[in-house]
Amino acid sequence: MTTLLSSMCFRLRRSKSFWCLAAFEGIVGVAFPILNYRNNRRYLQEIPLDSNSFAFVTLMVVLSAVLVGLFLGTEYSDGTIRNKIIVGNRRRQIYLSNLGAAYLGSLFLCACFLAPYLAVGIPLLGFYQLGVGAILLNLLTAAVLMLALVSIYTAFTMLNQNKAIVVAVCILLGFAILMVGSYIYAALTAPEFLDGISVDQATGVLQQEVIPNPRYLRGAMREVYQFFYDFLPGGQAIQLSSLEVASPWRLMAYSLVITLASGAVGICCFRRKDLK
Amino acid sequence: MDYVLTATGLSKHYRRFKALSGLSIHVPRGAIYGLVGKNGAGKTTLIRLICGLQAPTAGQYAIYGIPHTDRAIVTARRRMGAVVETPSIYLDLSAEDNLKMQYRTLGLPSFAGIPELLKLVGLSDSDRKKAKNFSLGMRQRLGIAVALAGDPDFLVLDEPVNGLDPQGIIEIRELILKLNRERQITVLISSHILDELSRLATHYGFLDHGTMVKELSAKELEESCRKCTRVEVSSITALTQVLDEEGISYTILSDTTADLYEKINVTHLALALSRRGCEIRSMEERDESLESFYVNLLGGGRS
């Protein structure tokens, strides 16, 4: 399998779309600290290095979809996946090497954001306010989340032979993951009480009062939402990008469950798939 | 006989459609085996199965004697190369990079063989040009080079000359012959261009509706297709007497018609028959080709 992984990494290095995505990540990585620095000076704010340093996570939900769709989709569109099967490589090995190469590519894209962000951000904004240990733990959580995302996209890509459809659906899937995460986040952060104004019927005087928010999640429903916020990649991406991860180990465990489940389904179906 | 590929009772169904139905095939070592059949006869399906791209619904095939159900089939496949339908090449890579990819896939330790391989397929001067800018013939040759990367003993080519110009067809033909003669590579080749196939193949397999109708060697085909003169006479008895006297080989087709398989002196034959009171009604030279054999065997139609 290492030979397959090596060949896929070789192709990744030769891929224009991969380097375009890397350049995009790099530009965004440079832009964030510069904008934060400018805002700090203009509006006398104190935006720290921490803010936006994990913005790459939400970006990567979509960019990894583009990477996997384009990179692995080419294996079908150019027909080159056949070369691997014809010379006797097992399908499981092919699947795992594709997953591995796409994952390494995604991690590299993350690095393409972080390296320039830190190189430009530390001189302008200072060092992390959060401890180094916490940052590293969040990085590890993000790395495991990337694995889950790439595994989902890989499963979809390896089971569909039309590259155009694969790329389009992967991108839509990426946005759907983020939208679901945002929806759950909005539901969980809805205030328990709302400020309301009532009119005293007798005196006609306006009165300010606090009323319960009907959309506030309580009891079991809140627990269910919280579970999905932690479990789903979209929720995890939002937590990581705002560095508000309460239990990183649990999130990593959830990501591993998603990785294993999508990987198992993907490999199982790919092994039975009739290739043209 | 030593066979590279054998199959028995091979079937492949796509829901209700039977692409292959109890097919058998025997590809001898060192042969150029031509697979002939109409569109939809099952040629490409057969190639997909033996390349491991699809699994048979029923039946069995063996490569170098190893059944496809055996885990050791992986080692047999290492000795195989194939170009199935379109050449499997990365369009955004150069010829050299495509070969490097395949070398890495095969786990070959060195790229030293790449220049020789490029020379063999006539792509030495392709430089850094990407495969997407190649002509169809160049892509086909690169596809073959990729298939040859693992130094296979068995090469499977599905319609390798489809869409090529005459020069491209000649180049591919010469390459296949060279590989077969100089490297002793067994080649399984499917083609619609029967005339082209007849210049290459040492063995033939005729497919129809997913079954193997007939397998024969080029020699056997030549014998059944040999040049003859078809003669229609008033008395077949008189004709056979004359032919026996002259020592000419023949086949009687009816009470009045026979095929003569040697060059004949028409005047001499006509005089001899005339002496026996037999008249010649018609006489025509017949040169049966692979195409006419195919038409006779499978009933023609679109090939």
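A quick note: this is a predicted structure, and the numbers were derived from the prediction, not measured. In what follows, every chain begins at residue 1, and chains take the letters A, B, ... in the order their sequences are listed.
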Applying a criterion of heavy atom separation less than 4.5 Å, what residues of residues 69-78 of chain B form contacts with chain A?
B/R71, B/V74, B/R77, B/R78
Give every residue pair that meets the side chain to side chain donor-acceptor pair (under 3.5 Å) criterion with at least one member in residues 156-171 of chain A, sequence neighbours excluded.
A/T74-A/K163
Find the distance between CG (B/L93) and CZ (A/F10) and round it off to the nearest 0.5 Å.
6.5 Å
Below 4.5 Å, heavy-atom pairs only: which of B/I89, B/V156, B/N98, B/V146 has the largest tally toward chain A?
B/I89
Crowding at NE2, B/H26 (>12 non-hydrogen neighbours, <6.0 Å)
yes
Which bit of B/P152 is near chain A, if near means a heavy-atom gap under 4.5 Å: side chain, backbone, both or neither?
neither
Enter the distance from A/S7:OG to B/L106:CG here, rounded to the nearest 0.5 Å.
9.0 Å
Could you tell me which of B/L108, B/D97, B/T86 has the largest number of non-hydrogen atom pairs under 4.5 Å with chain A?
B/D97
May I ask you to test the B/Q54-A/K273 pair for a side-chain heavy-atom distance under 4.5 Å?
no
May I ask you to say whether A/R14 pairs ionically with B/D92, meaning some side-chain N is under 4.0 Å from a carboxylate O?
no
Which bit of B/A55 is near chain A, if near means a heavy-atom gap under 4.5 Å: side chain, backbone, both or neither?
backbone
For chain A, which residues from residues 6-17 of chain B lie under 4.5 Å away (heavy-atom distances)?
B/K12, B/Y14
Check: A/N83 side chain, B/S88 main-chain N or O, donor-acceptor pair, under 3.5 Å
yes
Sort by residue number and list every member of residues 45-52 of chain B having a non-hydrogen atom under 4.5 Å from chain A.
B/R48, B/C51, B/G52
Between A/I86 and B/A82, what is the shortest heavy-atom contact and its length?
CD1-CB, 3.7 Å
Walk me through whether B/R104 and A/R11 qualify under side chain to side chain contact (heavy atoms under 4.5 Å, CB included).
CA-CA 10 Å; B/R104 283 174 191 269; A/R11 192 165 76 77; over 6 Å; no
Got B/K132 and A/D78 here, is their nearest side-chain heavy-atom distance under 4.5 Å?
no
With a 4.5 Å cut-off on side-chain heavy atoms, are A/M8 and B/T105 touching?
no
Once you round to the nearest 0.5 Å, how far does CD1 of A/I85 lie from CG of B/L53?
5.5 Å
To check you understand the geometry: which heavy-atom pair defines the closest contact between B/Q102 and A/V87, and what is its length?
NE2-CG1, 3.8 Å
Where does A/R272 contact chain B at under 4.5 Å (heavy atoms): side chain, backbone, both or neither?
neither
How long is the gap from OH on B/Y90 to OG1 on A/T80, to the nearest 0.5 Å?
3.5 Å
Got more than 12 heavy atoms from elsewhere within 6.0 Å of CE, A/M1?
yes
